[in-house]
Every structure is written in structure tokens, then in C-alpha cells.
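Notes follow the structure.
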Amino acid sequence: MEVDPPLDLAPVLEAASEFASYPGSSPSAHILFSSLSHSAPRSLILESLAGLQNDASAKEFLDRFPLHTLFSVLQTKADVPGTEDTMVSCLDKIFRTKYGASLLLDYAPFIQAGLQANSQAVRCLACKAVSYLLENTGDRVGALQIIVAYNVYPLLLSCLVDGYAEDHLVSVCSRLLSFFLVKCDEQTSAASLEAVKDIAQSPEGISIIFPGHGEEPFLIKNIAVQSSSLARIRILALVAKLFALSSSLATAVYSSNLLNLFEVEINNGHDMLTTLSALELLYELVESPHSSMFLLRTTLLQKLISMISNSSVDSVLRSRAALISGRILSSSDAYTAVDISSVTALLAAIEERLKVLGGQNTDEYESALEALGLIGAISQGATLLLSSSPVARHVIESAFDRHSRGKQLAGLHSLASICGVDRPEDKMLLDSKAEENLRRLIYTSAANTSKLNPSGLILSVLRQEPEIRLAGYRLISGLVVRPWCLMEICLNPEIITIVTDAKIETAKTGMDARHHCCTVISTALSSSNLLQDAAVARTAAKLQEAVRRGPYVIKEHVEAQPVVMTAERF
């Protein structure tokens, strides 16, 4: 029986290190680069080097050192210093190429063994290999069959929640080594999460994670129940990522009752950091366009309201709960699924917190104002908010409070949203009761200051720093569709002077906001009956000229002038 000669490790490591560092440095790469026309676009050259060249380099390397040789080195020589890192880096570069990924179809046992390895680096590589297999191979069906046949999905979940670093840190004396282990563990978890996301990119992959029958739909939940707090947060991160991928996956997440994991974690008041992490992930989940219709079928909103109302809960948690609640109710779909009593209960809870805070310039106060702006961005939410005068009053008073910059900025943006600046033109105005409450609250707020009228309040905003002024432009753009506010604006020449001054703003965002504000005022004025007044007609002409000039300062053309000079004498 013929025995393979002993492997000379040195040349393998040298070649692997060179390939990992310079994947395109092979002779084939130089030939390909030379074959490109010197006049070829840079983008074409880079694309060629990043694609075909890497495939050619990978093939050339593997012709010298086949995959089974590299795996053998990784398995038998990993205790040699530097070997594991070098081989893992080299294999990672190989599998990133289409050629290397195509070979993984014949090396599924490596993926399975790698996902169960003791080495975090090898496990991370195996997780990435799953992603490379799904992304780069042309045979996705074959790849998914391997994932099923080799039980890859449950192994990926094990890598996601793996507590290797967490369980062993107690016995580690060196802080540096502790940091390294945690970092490796996080890299493996992130790679496994991406791999599960890649599996879920097709209906066949979704059926692996959420099959119609069997225990798999409960696998994620069972792991979460039995895991540490860190592992539970990683599971929640996976749920949030899957939920955001598509409406079909969101449906699967909801049907599998995985959203209940967020409810359980929010209820857990023993670990503030874990609860805060769960809220942050829920905030990420709520950003999905289809979140409201599913979340409002759970008790999550009620739990968030309870958290906002609980004075013993940390202020940071209450702030996040308020923002999440506002975001849940910031889509029109929400109001087809939510019980209006839940919205009024939320508004009451926020109003109570604002009253307790007593106008303090705190992060919690600003978060509460931002939440009200999110709710008020939708017509139904704005109507309900303005029907509850106390909570709306907090927004308006904050918007014109020059003593608290952060609170004023949050108030201005919130009030602009309630006034409909982000709504379609036909939905900016609310019902008559809400509109009357808005007008009354603004006039009352003005009367309680030295400005006496709304135009004075608005002018004071426009005279402040650029960021406040930008929020003022946004507020005017939302308010000016109302006849009473249009009159206030147009009869104050100082406001018109500012919004038509192309030189007042130096940043592009400020220039654009000012010009948009100017355009909205001009449009509203052109369709009103105020033009019969001669002074207003002159204002309209000034606005139209400012609109025509555009948002940016244009240097006036200077004609060449002859210069008469005394003749030089020699």
C-alpha cells in the first residue's frame, strides 16, 4: 500500500500567506492585467482584477495545493504557531471567489465539521463558507440541499449563540486574551447571522427556517429560553434581521410567535443592559415598513406604555420605549390595526412624563417630543394628538422655548410633523376641531410671551443659529398652508426678508430648506385672496423672484472693464 509522503509545511504556509495577502499577485494576474488595453477605463480594469483575476488566481493556487491538502494542514498542524490564522485567511480568500465557492459543493463535510470545531476562527470561516456557497455558486438548489442534508442550519444557530468566550472568561487571567476571545466570538456570531439571512433569501430557504411541520419553527425559541442573556440578545438580533427582509418572512416570524421573545425580554427588569439591548433591536425591527401591522397584534405596545408610565424604570429605557411607540404609530397602516384607546393611553402616558419632567432639557424630554412628532406625522395621529390639548401644548411651548436648545429643536421638528410638512398636500390639513385647537394653542403660546403673535414667535426662531433656523423653515412649510398663518407670515416683512435671502445660509441643507420654504409660501400665496392687497402683491413678487433664483447663491456676471494706465517709459 502506497503511503503519501510527509507534507512539507513550510512551502504551503509561505504560499498560503502570500495568497491571503496578495490574492491577485499570481503570474496569471499579471498576464490578465497586461492583456487589458492601456486605454481601458479604470473601472473595467478594477472589475476584471476583482473578478476573473481572482478566480484565475484561486484556480492556479489550488492546482498547486488542492483543498484536501489545505484542510489537512488546518486539521493536523493547527497547533503550529501561525498556521491556523494563515490557513483560515487563505481559505477565506479562496471561498470568496466564484471558483472557490463552487468547490464547496463537494466539500460539505468540511462545512459541517468546521461549524462544530473548537476553534472560533475555524467556526467563523465555516459560517462564511455557507454565505459564499449561497452567494457565489450558480447552483443555489444544490447548496440548499447540502444545508439540509448536513444539518447546517441548527449548527449555524449554535454558532450564533455560542458562549465559548462568555463561559471561559472566568478562567482567563489576561485582559488582552479576554478581549480577543470576545471579539472572535462576536465575529463568529455575526458571520452565522449573515449565513442564516442568506439562507432566507429564497422561498426554499425560508422553508428550512420555518417549515410547515416539525420542531424547527420552535428551534429559535427553545434556544433562546435555554440561553444566557448575551445569547438571547443574539437571537433577537436574528429575529429582527429576518423580519426586515420581506413581508413573507415577517409573516413567518409573527406566525411562529417569535415576537413574543421581545415581550419576554422587555418584561425582564433584572438586567437593564439586556432590556436596553432588546429595545434597541425592537427599534431596528420597527423601522421595517410592514412592522406596524404585525406588532400591533401583540401586546408590545401595551408593554411599552407601561414602561413609559413606570417612574421606577430607568430614564434611558423610558426614552427608547417612547420612540419605539411613536415609530410603531408613524404609518397609516397602524391606524387600521390599532385600538384608538391604545393611542390615547400612550399620549396620556407621554403627557404625564412631560408634566413630571417639568420642562427640563433632558434626553427623555426630547425623546418624548420626538415620539409625538412621529405620531403626529400621520393625519389620524395628529388629529388624536391635537384633541388632547395638554400633550400638544407641551410640543408648542417647547418649539418656542429659547432657553433650552435641544428641547426647542425637538419641539420645532415635532410641531412641523404634526402640521403635516411630510404629508401629501391633500392631507396636510386636519379636521376642523383639530385645526382650531392648533390655531388656538399657537396664539395662546404667543400671547404668553413678549412676541404677542405667531409671526413674532416664528421670526425669533429664524433669527437663531442655522440648525434652529432650518427647523424653522420646516415648520413654516407645514404651517403656511393654513390661511391664518399665511397672513401672519406675509404681513411680517422681516420674515420675508430672511426666507428670500439667498446669502443667509452657508450649508447646502440650509439653502435647500430655505428655498423650499420660500416656494411653499409663494405657492400658498398665489392661490389665496390676499393678493388684492398692494403690499402683499409686492411680497408675492419678491417671493417669486427668490424662487426663480434657486436655492444657491449665483455670482452676478461682471462685464470686462477697460483699464486706462499711464504708459510705461523705457
Side-chain angles (χ1 to χ4, degrees), residues 200 206 210 236-267 278-309 317-351 367-388 391 413-414 416-418 420-424 426-428 430 434:
I206 293 176
F210 300 101
L236 292 184
L238 173 62
V239 173
K241 294 292 185 184
L242 291 175
F243 187 93
L245 285 178
S246 66
S247 58
S248 57
L249 267 169
T251 301
V253 167
Y254 172 77
S255 300
S256 299
N257 204 25
L258 291 179
L259 294 178
N260 176 255
L261 296 176
F262 286 94
E263 299 181 45
V264 171
E265 214 57 61
I266 290 173
N267 269 344
L279 287 173
E280 293 295 337
L281 290 168
L282 181 58
Y283 185 87
E284 178 184 321
L285 185 148
V286 170
E287 290 182 325
S288 304
H290 42 261
S291 61
S292 295
M293 60 184 293
F294 292 107
L295 291 176
L296 290 171
R297 298 176 190 172
T298 69
T299 62
L300 272 168
L301 182 60
Q302 286 69 36
K303 294 186 182 303
L304 292 171
I305 294 171
S306 298
M307 183 174 286
I308 295 168
S309 304
L317 298 182
R318 286 197 301 265
S319 297
R320 299 311 288 172
L323 286 173
I324 294 168
S325 302
R327 192 165 288 278
I328 291 175
L329 297 172
S330 65
S331 71
S332 55
D333 292 339
Y335 293 88
T336 63
V338 70
D339 186 340
I340 298 302
S341 62
S342 296
V343 183
T344 55
L346 172 62
L347 293 176
I350 293 176
E351 197 276 327
S367 295
L369 293 175
E370 185 178 345
L372 293 175
L374 290 168
I375 296 170
I378 303 301
S379 300
Q380 299 96 317
T383 300
L384 288 171
L385 198 151
L386 287 168
S387 298
S388 175
V391 72
H413 282 297
S414 179
S417 296
I418 294 168
V421 70
D422 298 318
R423 293 196 292 268
D426 60 337
K427 293 186 178 180
M428 292 184 74
L430 307 170

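Values reported hereafter were calculated over all heavy atoms of this structure, with side chains retained and with hydrogens, waters and symmetry mates removed.
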Is it true that a side-chain atom of [X] and a backbone atom of [Y] form a donor plus acceptor pair closer than 3.5 Å?
| X | Y | result |
| --- | --- | --- |
| Ser309 | Ser306 | no |
| Arg320 | Ser367 | no |
| Ser291 | Glu287 | no |
| Ser414 | Gly373 | yes |

Distance from [X] atom [atom1] to [Y] atom [atom2], nearest 0.5 Å?
| X | Y | atom1 | atom2 | value |
| --- | --- | --- | --- | --- |
| Phe262 | Leu281 | CZ | CG | 5.5 Å |
| Leu242 | Ile206 | CG | CD1 | 9.0 Å |
| Ile328 | Leu282 | CD1 | CG | 6.0 Å |
| Asp339 | Leu296 | CG | CG | 10.0 Å |
| Leu300 | Leu295 | CG | CG | 6.0 Å |
| Tyr283 | Leu285 | OH | CG | 12.5 Å |

For Ser246, all residues meeting side-chain hydrogen bond (donor to acceptor under 3.5 Å, both in side chains), sequence neighbours excluded |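 Checked Ser246 against side-chain hydrogen bond (donor to acceptor under 3.5 Å, both in side chains); matches are Ser248.
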Listed by chain and number, what are the side-chain hydrogen bond (donor to acceptor under 3.5 Å, both in side chains) partners of Asn257, not counting sequence neighbours?
->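 Here no residue qualifies.
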Qualifying salt bridge (charged side-chain N to carboxylate O under 4.0 Å, His left out) pairs with a residue from [range], counting only residues at least two apart or across chains:
| range | result |
| --- | --- |
| residues 246-262 | none |
| residues 241-267 | Arg232-Glu265, Lys241-Glu284 |
| residues 243-259 | none |

Could I get the full list of side-chain contact (heavy atoms from CB on, under 4.5 Å) partners for [X], not counting sequence neighbours?
| X | value |
| --- | --- |
| Thr251 | Ser255, Phe294 |
| Asp333 | Ser331 |
| Ile378 | Ser332, Tyr335, Gln380 |
| Ser330 | Arg327, Leu374 |

Say whether Gln302 and Ser342, considering side chains only, have a donor N or O and an acceptor N or O under 3.5 Å apart.
->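 A donor-acceptor contact under 3.5 Å links the two side chains.
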What's the shortest heavy-atom distance between [X] and [Y], and which atoms?
| X | Y | result |
| --- | --- | --- |
| His290 | Ala250 | CD2-CB, 3.4 Å |
| Leu372 | Leu347 | CD2-CD2, 3.7 Å |
| Leu430 | Ala382 | CD1-CB, 3.8 Å |
| Ser325 | Leu304 | OG-CB, 3.4 Å |
| Leu323 | Ala371 | CD2-N, 4.1 Å |
| Leu249 | Phe210 | CD2-CE1, 3.8 Å |

Can you sort out the partners of Arg318 under salt bridge (Lys or Arg N to Asp or Glu O under 4.0 Å), two or more places apart, ordered by chain and number?
->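 For Arg318, the residues satisfying salt bridge (Lys or Arg N to Asp or Glu O under 4.0 Å) (neighbours in sequence not counted) are Glu364.
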Apply salt bridge (Lys or Arg N to Asp or Glu O under 4.0 Å) to Asp422 and list each qualifying residue two or more places apart in sequence or on a separate chain.
->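 Testing Asp422 for salt bridge (Lys or Arg N to Asp or Glu O under 4.0 Å), a comparison that skips the adjacent residues, returns Arg474.
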Pick one: which of Asn267, Ile324, Ile266 meets side-chain contact (heavy atoms from CB on, under 4.5 Å) with Met307?
->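 That would be Ile266.
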Among all residues two or more places apart in sequence or in another chain, which pass the ring pair (Phe, Tyr, Trp, His ring centres under 6.0 Å) test with His413?
->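 By the ring pair (Phe, Tyr, Trp, His ring centres under 6.0 Å) rule, His413 matches no residue at all.
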